[in-house]
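Residue numbering restarts at 1 for every chain, and letters A, B, ... go by the order of the sequence lines. All of these numbers come straight from a predicted model, not from anything done at the bench.
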Amino acid sequence: MSSTTSNHKRIFALVDVNNFYVSCERIFDLKLRDRPVVVLSNNDGCCIARSNEAKEMNITMGQPFFQIRRLEDEGILKVRSSNYALYADISSRFREILLGFTPDVEVYSIDECFLDFSKMNFKNLDSAAAEIRNTVWRWIHLPVCVGIASTKTLAKLANHTAKKNPELNGICILQDESAIRSCLEKTEVENIWGIGPAYTKLLKQNGIFNALSLSEMDDLQARKQMTIQGLRLVHELRGISCIEMETHPDPKKNIAVSRSFGAPAAELKDLREAVAVYAKRACEKLWHEKRLASTISVMIRDNPFNTERFYSNYQLAAFQNPTDNMNEIMKTAISLLSQIYKKGPNYKKAGVILGGLIPVSERPGMLFSGKKGRTADALNLLIQRQTAKKLSFASTGTSSAFWHTKFSKLSPRCTTRWEEIPRVRSQ
DNA sequence: TCTGGGGTCCTAGGACCC
DNA sequence: TCTGGGGTCCTAGGACCC
């Protein structure tokens, strides 16, 4: 496969929505435009999206909300809880638009996609990029930046440059040698895709402060200090494409459901309730993905900011046979919980992780296809549905439970619920 | 008072085998 | 003085991403 592409100049575009969650909120709420806005994490805990105006006020990514609540009280800052139903729906519309430009689209995250333009023969990349920006704005009112280059890492870097320099009008194309060089030189190591806090520290100790010097790093040293991924990264910065497009992602390997509680819980019976609900949700995700889980682990922890006596623990178990049986999954989760629970801590978070996922078609004992298999399938489905019903009855009594996640500033689910659709007032 | 959630990949090291 | 070599598989933990 590589032989067909090795001599071919690659062209990758990265299209990324600016301040995605805030921009989604702004689509339907005009009051949020042109002013400082933040969107909060689960539990209204910290700021996970900020408008440019909010960034200018030095509100940082991940900043605890209680530290800036004052700004909301004073009417300076607008605040919203996370509205995941809305963001997921807008995200899929965003993807649909990009598919109109090339079939080779990789959904990299909820707010950004890689596009492979290598075979597209665009006469002018500048106008293609501008067309993408205009179309996304016209159709769903999202502001995006476009970065284009010969590797995914350089496209990321170009996108970052477009964001930081308003005079570029949201577009940065890295093609000629001198432009690439100057862009690399201006990019600090901590802003490179794949370089986190640990590698930043390590590189700076080695006298490497920007992307240009990282691109000149010795191969052996890169491999030794930052694993094979680090070596790939260095090559990508040199313009050698090592990270391929993933237009058809592999199925998930893990399914996790974990939450911080609205209020701490100390008693085993309270944690049991939370863990049961998370196990149930994890199982529902499992059904949706049509997978069986081979392992399950449960974690609990108290408040990590309480440094005095921080307690965190988890336990893993393997199922006898890979399963998607809700009863079995919930029972195992509760039993694991009782193994790690100890009296004393005020627990603030719990989670359930299903691992070793395999397709439902590989269920032991389902090897024989035909009528028998289908009957068993149908029976299983029936059991699953009934179990789900029974269990959800058991847990609905706790709708006001202390540990429930807080969403106190939620906007309407405008695009996915009829009853929450916005109304237009006629004058 | 109040601090998110869900993923991936890579490697070292242990267990086990011949 | 002397203590094999080379595999595979599994998992915990550390790095990263948004």
When we call it a touch if two heavy atoms are under 4.0 Å apart, what does A:D44 touch: a base, just sugar-phosphate, or nothing?
nothing
Quick one: list whatever passes salt bridge (Lys or Arg N to Asp or Glu O under 4.0 Å) with A:D89, sequence neighbours left out.
A:R93
Applying side chain to side chain donor-acceptor pair (under 3.5 Å) as the test, list every pair that has at least one member in residues 220-231 of chain A; sequence neighbours left out.
A:N206-A:Q225
With sequence neighbours excluded, tell me which residues meet salt bridge (Lys or Arg N to Asp or Glu O under 4.0 Å) with A:E74.
A:R70
Is any side-chain nitrogen or oxygen of A:K253 closer than 4.0 Å to OP1 or OP2 of B:dC9?
yes
Is there a donor-acceptor pair under 3.5 Å between the side chain of A:R50 and the backbone N or O of A:I59?
yes
Reading nucleotides 10-17 of chain C 5' to 3', which nucleotides get B (base under 4.0 Å from a protein heavy atom), which S (sugar-phosphate only), which -?
-----SSS
Is A:R10 paired with A:D116 through a side-chain N to carboxylate O contact shorter than 4.0 Å?
yes
Mark yes or no for whether A:K409, through its side chain, and A:K78, through its backbone, hold a donor-acceptor pair below 3.5 Å.
no
Tell me every residue that passes side chain to side chain contact (heavy atoms under 4.5 Å, CB included) with A:C183, counting only those two or more places apart in sequence or in another chain.
A:L157, A:T161, A:L174, A:T187
Would you say A:S258 places a side-chain N or O within less than 4.0 Å of OP1 or OP2 belonging to B:dG6?
yes
Proximity to DNA chain B (any heavy atom under 4.0 Å), residues of residues 339-353 of chain A only
A:K348, A:K349
Would you call A:R26 and A:E53 a salt bridge, using N to O less than 4.0 angstrom?
yes
What's the CD1-P distance between A:I110 and B:dG4, to the nearest Å?
19 Å
Nucleotide C:dC18, atom C1' - distance to CG of A:N159 in whole Å:
13 Å
Can you name the residues that form a ring pair (Phe, Tyr, Trp, His ring centres under 6.0 Å) with A:W137, not counting sequence neighbours?
A:H141
Annotated structure of DNA chain B as dot-bracket, pair cut-off 3.5 Å, Watson-Crick or G-U only, | for inter-strand, is ....||||||||||||||
Taking atom C1' of B:dG5 as reference, at what distance in whole Å does atom NZ of A:K406 sit?
17 Å
Excluding sequence neighbours, so at least two apart, what forms ring pair (Phe, Tyr, Trp, His ring centres under 6.0 Å) with A:F20?
none
Would A:N83 and A:S411 count as having a side-chain donor-acceptor pair, cut-off 3.5 Å?
yes
The salt bridge (Lys or Arg N to Asp or Glu O under 4.0 Å) partners of A:E328 (sequence neighbours excluded) come to none
Could you tell me how far apart A:N42 (CG) and B:dC2 (P) are, to the nearest whole angstrom?
18 Å
Sorted by number, the residues of residues 45-76 of chain A with heavy-atom contact under 4.0 Å to DNA chain C
none
Counting any heavy atom closer than 4.0 Å, what does A:I255 reach on the DNA or RNA strands: base, sugar-phosphate only, or nothing?
sugar-phosphate
Residues that A:H235 engages under side chain to side chain contact (heavy atoms under 4.5 Å, CB included), provided they are two or more places apart
A:D219, A:L231, A:R238, A:I240, A:C242
Measure the distance from CG on A:L40 to C1' on B:dT3 and round it to the nearest whole Å.
11 Å
For A:R259 and for A:E246, locate the closest nucleotide of DNA chain B by heavy-atom distance; then report the residue assigned to the nucleotide nearer the 5' terminus.
A:R259
Specify the separation, in whole Å, of atom NE2 of A:H288 and atom P of B:dG6.
16 Å
Find the distance A:E106:CD to B:dG7:P and express it as a whole number of Å.
17 Å
Identify whether the distance between the nearest side-chain nitrogen and carboxylate oxygen of A:E236 and A:R232 falls below 4.0 Å.
no
Please state the C1' separation for the pair C:dC17 and B:dG4 - nearest whole angstrom.
15 Å
Ignoring backbone atoms, establish whether A:N254 has a side-chain N or O less than 4.0 Å from OP1 or OP2 of B:dT8.
yes
In whole Å, I'd like the distance from the CG atom of A:L233 to the C1' atom of B:dC9.
14 Å
Is it true that A:D29 and A:R80 make a salt bridge, defined as a side-chain N closer than 4.0 Å to a carboxylate O?
yes
OP1 or OP2 of B:dG5 sitting under 4.0 Å from any side-chain N/O of A:S41?
no
